Amino acid sequence: MAIRDILTVPDPRLKQVSKPVERVDDDIRALMDDMLESMYAADGIGLAAIQVGVPLRVIVMDLARSGEKPQPRYFVNPEILDASGELQPYEEGCLSVPTYYDEVERPDRVKIRYLDYNGAEVVEEAEGIYAVCIQHEMDHLEGVLFIDKLSRLKRDAAIRKVKKLERQKALDAAE
Ligand code: K2U
Ligand code: ZN
């Protein structure tokens with residue numbers, strides 16, 4: 001397992017549309033293991049493969065609260081079969097847009113189909129934080145960030161903030 005660097009805005013690779021996985025094999029499982037380790041190291045609760053620079057339709061997630069037993073989840077070629085219920089606002093963040101949070105509205109229930117860690121098909125309903133997170137991650141697979149759903153003013157402010165943060169990190173590392 002290895003911790004991989006997480007791409008941050010405005011890296012153009014984050015705008016790529018990710019490709020389907022042909023077979024859930026040991027290489028894909030090794031990628032998911034690395035993604036999960038990278039997500040935990042960054043204090044995230046979800047991560048899409050494109051965020052570590054791999055344009056494949058793969059997501060990992062762990063919604064367990066701190067102090068609880070980890071509950072890793074793996075999604076290969078996930079699809080939303082149905083989105084229902086009301087639009088619910090949620091204060092979102094993103095490991096690719098560090099330190100910026102803003103409210104996004106999304107359907108509060110989704111029916112999803114995906115392949116699990118061993119390539120078995122799963123169909124299930126997601127609601128609450130699970131629904132928010134899976135929709136946020138599936139946007140990544142289409143090259144869409146949560147800040148793309150905000151006003152142009154807010155999106156540009158978020159990118160300016162991250163660029164300033166990354167410049168400061170580079171200066172600190174050079175010292
Ligand atoms: O895509 C990512 O960077 C993963 C997000 C997942 C997430 C986004 C929005 C709402 C919930 C989860 C990261 O885990 S960002 C950290 C975070 C954690 C809890 C709530 C909001 C943001
Ligand atoms: Zn994100």
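As the structure lists them, so they are numbered: ligands from 1, and atoms in each ligand from 1. Note that the coordinates shown come from a computational prediction; the quantities given were computed from them, not determined experimentally.
Considering backbone and side-chain N/O of Gln51, one or more are found under 3.5 Å from N/O of ligand 1. Checked by distance only, ligand 1 and Leu95 come closer than 3.5 Å through their nitrogen or oxygen atoms. Not a single N or O atom of Asp43, backbone or side chain, sits closer than 3.5 Å to an N or O atom of ligand 1.
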- Determine, step by step, whether Asp33 and Tyr74 satisfy the side-chain hydrogen bond (donor to acceptor under 3.5 Å, both in side chains) criterion, reporting the C-alpha distance in whole Å, the side-chain angles of both residues, the deciding distance to 0.1 Å, and the verdict. CA-CA 9 Å; Asp33 293 341; Tyr74 308 88; 4.6 Å; no
- Report the C-alpha separation of Glu166 and Lys169 in whole Å, then their side-chain angles, then the decisive distance to 0.1 Å, and conclude whether the salt bridge (Lys or Arg N to Asp or Glu O under 4.0 Å) test is met. CA-CA 5 Å; Glu166 296 296 311; Lys169 268 168 63 176; 3.4 Å; yes
- Task: Please report the C-alpha distance between Glu142 and Arg57 in whole Å, then the side-chain angles of each, then the deciding distance to 0.1 Å, and finally whether the salt bridge (Lys or Arg N to Asp or Glu O under 4.0 Å) criterion is met.
- Result: CA-CA 9 Å; Glu142 301 304 325; Arg57 302 184 82 82; 2.4 Å; yes
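Of the protein's non-hydrogen atoms, the one nearest atom 2 (C) of ligand 1 is Glu137 OE2, 3.4 Å. For atom 4 (C) of ligand 1, the nearest non-hydrogen atom of the protein is Gly46 O, 2.9 Å. For atom 19 (C) of ligand 1, the nearest non-hydrogen atom of the protein is Ile45 CD1, 3.6 Å. Atom 8 (C) of ligand 1 has its closest protein heavy atom at Gly93 O, 3.2 Å. Here the protein heavy atom with the shortest distance to atom 20 (C) of ligand 1 is Tyr90 OH, 4.0 Å.
Judged by distance alone, the side chain of Lys161 and the main-chain N or O of Thr99 form a donor-acceptor pair under 3.5 Å. Of the possible polar contacts, none joining the Asp11 side chain to the Thr8 backbone as a donor-acceptor pair under 3.5 Å is found. In this structure a side-chain-to-backbone donor-acceptor pair under 3.5 Å is present from Gln51 to Ala48.
Residue contacts with ligand 1: Met39 is excluded, as none of its non-hydrogen atoms falls under 4.0 Å. Heavy atoms of Ile129 approach ligand 1 to within less than 4.0 angstrom.
Looking at Val9 and Tyr100, their side chains never come closer than 4.5 Å, going by heavy atoms from C-beta outward. Between Arg106 and Tyr90, every side-chain heavy-atom pair lies at or beyond the 4.5 Å cut-off. Side-chain contact check for Met138 versus Ile134: some heavy-atom pair is nearer than 4.5 Å.
His140 contributes NE2 as its N, O or S atom closest to the Zn ion (ligand 2). When the N, O or S atoms of His136 are ranked by distance to the Zn ion (ligand 2), NE2 comes first.
Heavy-atom proximity to His140, at under 4.0 Å, picks out these atoms of ligand 1: 1 (O). Atom numbering of ligand 1 starts at 1 in the shown order; those under 4.0 Å from a heavy atom of Gly44 are 14 (O).
Shown here, atom 6 (C) of ligand 1 is in close reach of the protein: a heavy atom of it lies under 4.0 Å off. When distances from atom 17 (C) of ligand 1 to the protein are checked, no heavy atom turns up under 4.0 Å.
Taking the ring axis of Tyr130 as reference, the NZ or CZ atom of Arg73 stays within 45° of it and closer than 6.0 Å to the ring centre.
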